[in-house]
Amino acid sequence: YSIHSIYPHPFNPETNIIYTIPEYAHIKVTIYDIRGAEIEVLRNGFEMSGYYIIQWNASQYSSGVYFIEMVSDNFKEVRKIIYMK
């Protein structure tokens, strides 16, 4: 389980989130603002093992720091991203 890369970073207004999972599992990928408030769930469901790409368009949000959280049964990773208008 891993968030491999986020590009471009910093971004305006779209970024790509590449992650991998080693087995069939329930995955939830969520975006949080700097205060820790959940602002968008990008993925929430079961997926087969493999590499995945999610494109996030943040044009409706303000510039600043955001966090991407990926959670599975026994895994959790959080990455910081910067949105610059």
Side-chain angles (χ1 to χ4, degrees):
Y1 298 90
S2 165
I3 297 175
H4 278 285
S5 65
I6 301 167
Y7 71 91
H9 183 257
F11 69 100
N12 178 21
E14 293 182 350
T15 190
N16 296 293
I17 303 154
I18 300 174
Y19 67 93
T20 185
I21 56 175
E23 60 192 0
Y24 182 75
H26 184 270
I27 299 295
K28 185 174 182 183
V29 179
T30 309
I31 305 291
Y32 295 91
D33 66 14
I34 192 71
R35 295 168 298 186
E38 180 181 296
I39 62 167
E40 196 167 341
V41 175
L42 302 179
R43 188 77 33 99
N44 188 13
F46 285 91
E47 294 183 339
M48 301 299 290
S49 65
Y51 286 88
Y52 294 88
I53 299 174
I54 301 172
Q55 188 174 63
W56 181 47
N57 186 321
S59 59
Q60 65 194 35
Y61 303 108
S62 61
S63 295
V65 175
Y66 292 88
F67 297 94
I68 299 171
E69 177 188 62
M70 179 177 153
V71 177
S72 187
D73 292 335
N74 295 317
F75 173 82
K76 179 179 179 179
E77 183 176 358
V78 178
R79 300 276 296 269
K80 179 175 76 171
I81 57 173
I82 299 171
Y83 174 32
M84 297 177 67
K85 283 188 179 182

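Just so you know, residue 1 is the first one in the sequence shown, and it goes up from there.
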S.K.: Answer yes or no: is there a donor N or O on one side and an acceptor on the other, between the side chain of T15 and the main chain of Y7, under 3.5 Å?
M.R.: yes
S.K.: Which of these, E23, E77, K76, sits in a side chain to side chain donor-acceptor pair (under 3.5 Å) with Y1?
M.R.: E23
S.K.: State yes or no: do I6 and I53 share one hydrophobic cluster built from I, L, V, M, F, W and Y residues joined by side-chain heavy-atom distances below 4.5 Å, directly or via other members?
M.R.: no
S.K.: Quick one: does L42's side chain get under 4.5 Å of I31's, heavy atoms only?
M.R.: yes
S.K.: Side chains of I21 and M70: closer than 4.5 Å at any heavy-atom pair?
M.R.: yes
S.K.: Show your reasoning for whether side-chain hydrogen bond (donor to acceptor under 3.5 Å, both in side chains) applies to W56 and E40.
M.R.: CA-CA 10 Å; W56 181 47; E40 196 167 341; 3.0 Å; yes
S.K.: I'd like to check R43 versus I54 (side-chain heavy atoms, cut-off strictly below 4.5 Å). Are they in contact?
M.R.: yes
S.K.: Enter the distance from D33:CG to Y66:OH here, rounded to the nearest 0.5 Å.
M.R.: 6.5 Å
S.K.: Taking all heavy atoms of A58 and all of F11, pick out the closest pair and write down the distance.
M.R.: CB-CE1, 3.7 Å
S.K.: Any idea which heavy atoms bring E38 and T30 closest together, and the distance?
M.R.: CG-CG2, 3.4 Å
S.K.: Taking S72 for the side chain and H26 for the main chain, is one N or O donor matched with an acceptor at less than 3.5 Å?
M.R.: yes
S.K.: Might you point out which heavy atoms bring S63 and K85 nearest each other, and give the distance in Å?
M.R.: OG-N, 3.0 Å
S.K.: Measuring only between side-chain heavy atoms, which start at C-beta, is I81 closer than 4.5 Å to I68?
M.R.: yes
S.K.: Looking at Y52, Y51, Y19, which hits side-chain contact (heavy atoms from CB on, under 4.5 Å) with H4?
M.R.: Y51
S.K.: Kindly say whether the aromatic ring centers of Y61 and Y83 come within a distance under 6.0 Å.
M.R.: no
S.K.: Hey, would you say the Y32 and F67 ring centroids sit under 6.0 Å apart?
M.R.: no
